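I have placed the structure first, in the form of structure tokens, so that the comments after it can refer back to it.
Fair warning: this is a prediction, and the values are worked out from it, not measured in the lab.
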Amino acid sequence: MRNDLTAPGPLLAAPPERERTILTLRFVHDMSRSRIGAEPGISQTHVSRLLRRAPSRLCTEPTRD
């Protein structure tokens with residue numbers, strides 16, 4: 001099975017850098033929320049909030065061309 005990470009490229013360019021990093025760590029590198037939070041020094045709860053908010057932002061914000 002081929003893992004094509006280029007498909008969400010335009011979508012991942014839309015969120016701010018911190019959210020983009022958190023999404024990448026969670027869904028590309030399969031890191032836990034607590035481990036993700038340890039890197040920038042934020043709580044696991046805050047990581048969860050950002051992960052919950054990101055999909056709605058991806059659907060409502062226009063992508064940059």
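- Residues Gln44 and Arg35 form no side-chain contact, since every pair of their non-hydrogen atoms from C-beta on lies 4.5 Å or further apart.
- Applying the side chain to side chain donor-acceptor pair (under 3.5 Å) rule to Arg26 yields no partners; only residues at least two apart in sequence or on another chain are considered.
- Under the side chain to side chain donor-acceptor pair (under 3.5 Å) criterion, Ser43 pairs with no residue, sequence neighbours left out.
- Here the side chains of Ile42 and Ile22 are in contact, with some heavy-atom distance below 4.5 Å.
- Among residues two or more places apart in sequence or in another chain, the side chain to side chain donor-acceptor pair (under 3.5 Å) test is passed with Thr45 by none.
- The side chain to side chain donor-acceptor pair (under 3.5 Å) test applied to Thr21 returns no partner, not counting sequence neighbours.
- Expressed to the nearest 0.5 Å, how far CG of Leu51 lies from NE2 of His46 amounts to 10.0 Å.
- Checking each of Leu25, Thr24, Leu50, Leu23 against Ile36 for a side chain to side chain contact (heavy atoms under 4.5 Å, CB included) leaves exactly one that passes, namely Leu25.
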